[in-house]
Amino acid sequence: GFGKRERRREGLEGERRTLSRYLWPRGMNVGSMQSRLARPAVRRTAVAPTRQVTCMAKKGKQVRVVITLECTEQKGSGVPGMSRYNTTKNRRNNPDRMEMMKYNKFLKKHTLHREIKK
């Protein structure tokens, strides 16, 4: 209750605690709400980009291209499915067809995967 006897017995803090039960949302007390209201509003400003873009993407052959790697051992084995991976390569550093050892989930082992044409 909010009787005089109860307020005198609990003091101001007790009254605040009792009022907060009825006035504020569950889990918040009056003090936290007041401190939240007293804080200045944070303004978000636009940040300039860290690097300048000098030109749009070049037309013609791109240096970095997306390639598909396909398993070389699975075709002859007769196991259904085909193990393929998509990755990127730099044409300047790797001008020829790429070969990598990758995991084949159908054969359940690492096999040689070669770049294929799309």
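- Glu70 is linked by a salt bridge (charged side-chain N to carboxylate O under 4.0 Å, His left out) to Lys75, Arg84, counting only residues two or more places apart in sequence or in another chain.
- Applying the ring pair (Phe, Tyr, Trp, His ring centres under 6.0 Å) test to residues at least two apart or on different chains, the pairs with a partner in residues 67-91 are Tyr85-His113.
- In plain terms, the two heavy atoms of Arg64 and Thr88 that are nearest each other are NH1-OG1, 3.2 Å.
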Atom pairs and distances, donor-acceptor, side-chain atoms in residues 100-110, under 3.5 Å, two or more places apart:
{"unit_1": "Asn104", "atom_1": "OD1", "unit_2": "Phe106", "atom_2": "N", "d": "2.9"}
{"unit_1": "Asn104", "atom_1": "OD1", "unit_2": "Leu107", "atom_2": "N", "d": "3.3"}
{"unit_1": "Asn104", "atom_1": "ND2", "unit_2": "Gln74", "atom_2": "OE1", "d": "2.8"}

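- Listed by chain and residue number, Glu99 satisfy the salt bridge (charged side-chain N to carboxylate O under 4.0 Å, His left out) test with Arg114 (two or more places apart in sequence, or in another chain).
- In this structure Asn86 satisfies the side-chain hydrogen bond (donor to acceptor under 3.5 Å, both in side chains) test together with Thr68, sequence neighbours excluded.
- Annotation: side-chain hydrogen bond (donor to acceptor under 3.5 Å, both in side chains) contacts of Thr72 (sequence neighbours excluded): none.
- Other residues sharing the hydrophobic cluster of Val63, ordered by chain and number and joined by side-chain separations under 4.5 Å: none, the residue standing alone.
- Of all non-hydrogen atoms in Asp96 and Glu115, the two that sit nearest each other are O-OE1, 4.1 Å.
- Of all the heavy atoms in Leu69 and Met98, the pair that sits closest is CD2-O, 4.0 Å.
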